[in-house]
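From a predicted model like this one, the values you see are computed outputs, not experimental measurements. We number each residue from 1, following the sequence as shown.
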Amino acid sequence: MLSNLKRTGKVLIVSVMAMVMVAPVAFAITRSDPFDTPSIKGHKYTFTSEVWDRYPTKGTTTVEAVGDFSTVNAPTPAGYMGGQARLYNSNNGALVHSSTWKYNDSDAWNMWVYSPRTTTNGYYYAQNKGQFYNIDGYVEYTGNKSPILQLSGNQSLNSKNLTEASEIMEKLSLKKEYDVNNNGETYGSALSEKTIGMEPDLISAIGTNGVNGYIKSEDLSPKVSSIEEALELSGGNGEVKIIPLYAVDGTNVIGEFKLVTNYELVENQ
């Protein structure tokens with residue numbers, strides 16, 4: 001099913017917001033402008049940040065972040081291309097869902113990475129991360145932010161809600177520095193990374209229990225320095241990793257955050 005959706009979406013989406021009908025599933029997509037890398041060890045890459053709004057069953061609507069990671073000039077060898085799909089809440093910039101880091105485990109032109117899905121009404125955007133192998137490790141990039149996608153189900157979300165969400169996102173994207181807790185750790189929304197230049201030590205997130213808290217950047221994005229380490233970290237489809245959700249002090253655990261591996265590889269053009 002995912003493979004069919006992926007190919008159909010790639011062909012039929014011609015604008016920022018498109019509605020694609022694929023029996024028996026309908027879905028809408030918002031897609032960022034592609035983020036294009038410079039040449040890295042002879043390869044150039046491009047990737048997007050997308051939000052997919054699907055209707056897998058009658059009366060149920062889901063939203064997920066999707067990353068389309070591609071090599072431009074030649075198939076990339078195993079372990080050269082990594083991606084993480086991240087879904088954020090536009091109302092406060094908190095991370096709602098994320099995939100694990102996934103690296104291509106065979107030669108591939110293209111890799112699709114999916115976050116877990118949510119059914120909670122609100123406004124969402126994606127801002128995905130990519131890592132690409134260089135001779136001395138991996139180069140990491142933060143992709144362009146997708147437009148907002150509204151998940152409303154049977155609940156009405158008016159233009160005032162959208163305006164407020166957009167204003168919050170704009171404020172976060174212009175932030176010049178993170179707040180610092182009593183332990184000297186920075187904390188805040190990862191949306192501010194583009195202007196500040198790095199992610200905070202503690203990233204604002206919503207736990208599996210619905211509680212707002214923080215996850216550690218090092219838990220969300222473990223550092224890898226070799227292809228062997230990357231492939232060892234890279235899980236198979238359906239694998240789940242649980243990381244702690246902390247209070248703002250970065251010490252007290254108040255819940256859990258779930259990372260799920262879900263991906264597809266395209267080995268031939």
Side-chain angles (χ1 to χ4, degrees), residues 2-18 20 27-53 64-88 98-115 124-149 173 190-191 193-195 197-199 220-221 224 227 230-231 233-234 261-269:
L2 288 175
S3 180
N4 291 336
L5 290 177
K6 172 260 298 177
R7 282 192 286 268
T8 302
K10 195 169 185 180
V11 171
L12 295 183
I13 297 168
V14 294
S15 63
V16 170
M17 173 69 80
V20 184
F27 64 95
I29 292 175
T30 64
R31 171 182 287 177
S32 71
D33 291 332
F35 183 94
D36 300 322
T37 74
S39 180
I40 304 171
K41 207 173 186 300
H43 292 270
K44 291 184 177 181
Y45 303 91
T46 183
F47 67 97
T48 60
S49 300
E50 307 178 16
V51 182
W52 289 18
D53 177 356
E64 67 197 288
V66 179
D68 177 4
F69 299 84
S70 303
T71 179
V72 175
N73 49 333
T76 184
Y80 272 47
M81 180 168 58
Q84 186 175 54
R86 297 184 179 186
L87 182 70
Y88 293 89
S98 176
S99 71
T100 59
W101 273 97
K102 179 60 191 177
Y103 301 85
N104 63 306
D105 43 25
S106 61
D107 293 0
W109 280 94
N110 177 245
M111 179 173 68
W112 292 77
V113 181
Y114 307 85
S115 80
Y124 298 93
Y125 70 94
Q127 190 165 34
N128 299 331
K129 307 274 284 189
Q131 289 184 358
F132 308 98
Y133 183 69
N134 204 348
I135 194 166
D136 55 355
Y138 284 85
V139 183
E140 183 172 303
Y141 296 96
T142 298
N144 296 316
K145 180 173 59 65
S146 76
I148 293 173
L149 188 146
S173 67
L191 179 60
E193 178 191 359
K194 286 280 190 177
T195 51
M198 65 184 71
E199 289 188 332
L220 182 62
S221 296
V224 293
I227 291 175
L231 292 178
L233 177 70
S234 190
T261 303
N262 192 3
Y263 74 98
E264 290 182 280
L265 288 181
V266 179
E267 297 180 350
N268 300 303
Q269 276 192 323

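Listed by first then second residue, pairs satisfying salt bridge (charged side-chain N to carboxylate O under 4.0 Å, His left out) with a partner in residues 69-87 read Arg86-Glu199, not counting sequence neighbours.
Nearest heavy-atom pair, Trp109 versus Glu267, reported as atom, atom and distance to 0.1 Å: CD1-O, 3.3 Å. The two atoms that bring Ser99 and Gly83 nearest to each other are OG-O, 4.4 Å, heavy atoms only. Between Ala85 and Ala65 the shortest heavy-atom distance is CB-O, 3.7 Å.
Distance check, rounded to the nearest 0.5 Å: OH of Tyr133 to OG1 of Thr76 gives 11.5 Å. For the atom pair Tyr88 OH and Leu191 CG, the distance stands at 8.0 Å (nearest 0.5 Å). A distance of 13.5 Å separates CD1 of Ile135 from CD1 of Ile40, quoted to the nearest 0.5 Å. Separation of atoms CG (Asn144) and CD (Gln127) is listed at 7.5 Å; rounding is to 0.5 Å. Atoms CE and NZ, on Met81 and Lys102 in that order, are 11.0 Å from each other to the nearest 0.5 Å. Separating the NZ atom in Lys145 from the CG atom in Asn128 is a distance of 12.5 Å, to the nearest 0.5 Å.
Taking Lys41 as the reference, Tyr80 meet the side chain to side chain donor-acceptor pair (under 3.5 Å) condition, with sequence neighbours excluded.
Proximity of a side-chain donor or acceptor of Asp68 to a complementary backbone N or O of Pro34 within less than 3.5 Å is not detected. With hydrogens and angles ignored, the 3.5 Å screen pairs no side-chain donor or acceptor of Ser146 with any backbone N or O of Thr30. Of the possible polar contacts, none joining the Asn262 side chain to the Ser115 backbone as a donor-acceptor pair under 3.5 Å is found. Checked by atom type and distance alone, the side chain of Asn110 pairs as donor or acceptor with a backbone atom of Phe69 at under 3.5 Å. Judged by distance alone, the side chain of Ser49 and the main-chain N or O of Ser32 form no donor-acceptor pair under 3.5 Å. Side chain of Asn104 to backbone of Pro77: a donor-acceptor contact under 3.5 angstrom is found.
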Output a table of donor-acceptor pairs, distance under 3.5 Å, between side-chain atoms of residues 136-143 and any protein atom two or more places apart or on a different chain; print 'none' if there are none.
from: Tyr138; atom 1: OH; to: Gly79; atom 2: O; distance (Å): 2.5
from: Glu140; atom 1: OE1; to: Gln131; atom 2: NE2; distance (Å): 2.6
from: Glu140; atom 1: OE2; to: Lys129; atom 2: NZ; distance (Å): 3.1
from: Thr142; atom 1: OG1; to: Lys129; atom 2: NZ; distance (Å): 2.8
from: Thr142; atom 1: OG1; to: Glu193; atom 2: OE1; distance (Å): 2.9
from: Thr142; atom 1: OG1; to: Glu193; atom 2: OE2; distance (Å): 2.9

(request) Please report the C-alpha distance between Glu264 and Tyr114 in whole Å, then the side-chain angles of each, then the deciding distance to 0.1 Å, and finally whether the side-chain contact (heavy atoms from CB on, under 4.5 Å) criterion is met. (result) CA-CA 9 Å; Glu264 290 182 280; Tyr114 307 85; 2.7 Å; yes
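No donor-acceptor contact under 3.5 angstrom links the side chains of Lys44 and Ser39, judged on distance only. A donor and an acceptor atom, one from each side chain of Ser70 and Thr46, are nowhere located under 3.5 Å apart.
The closest side-chain heavy-atom distance from Asp36 to Val72 is not below 4.5 Å. Tyr263 is listed as a side-chain neighbour of Asp105, based on a closest heavy-atom distance under 4.5 Å.
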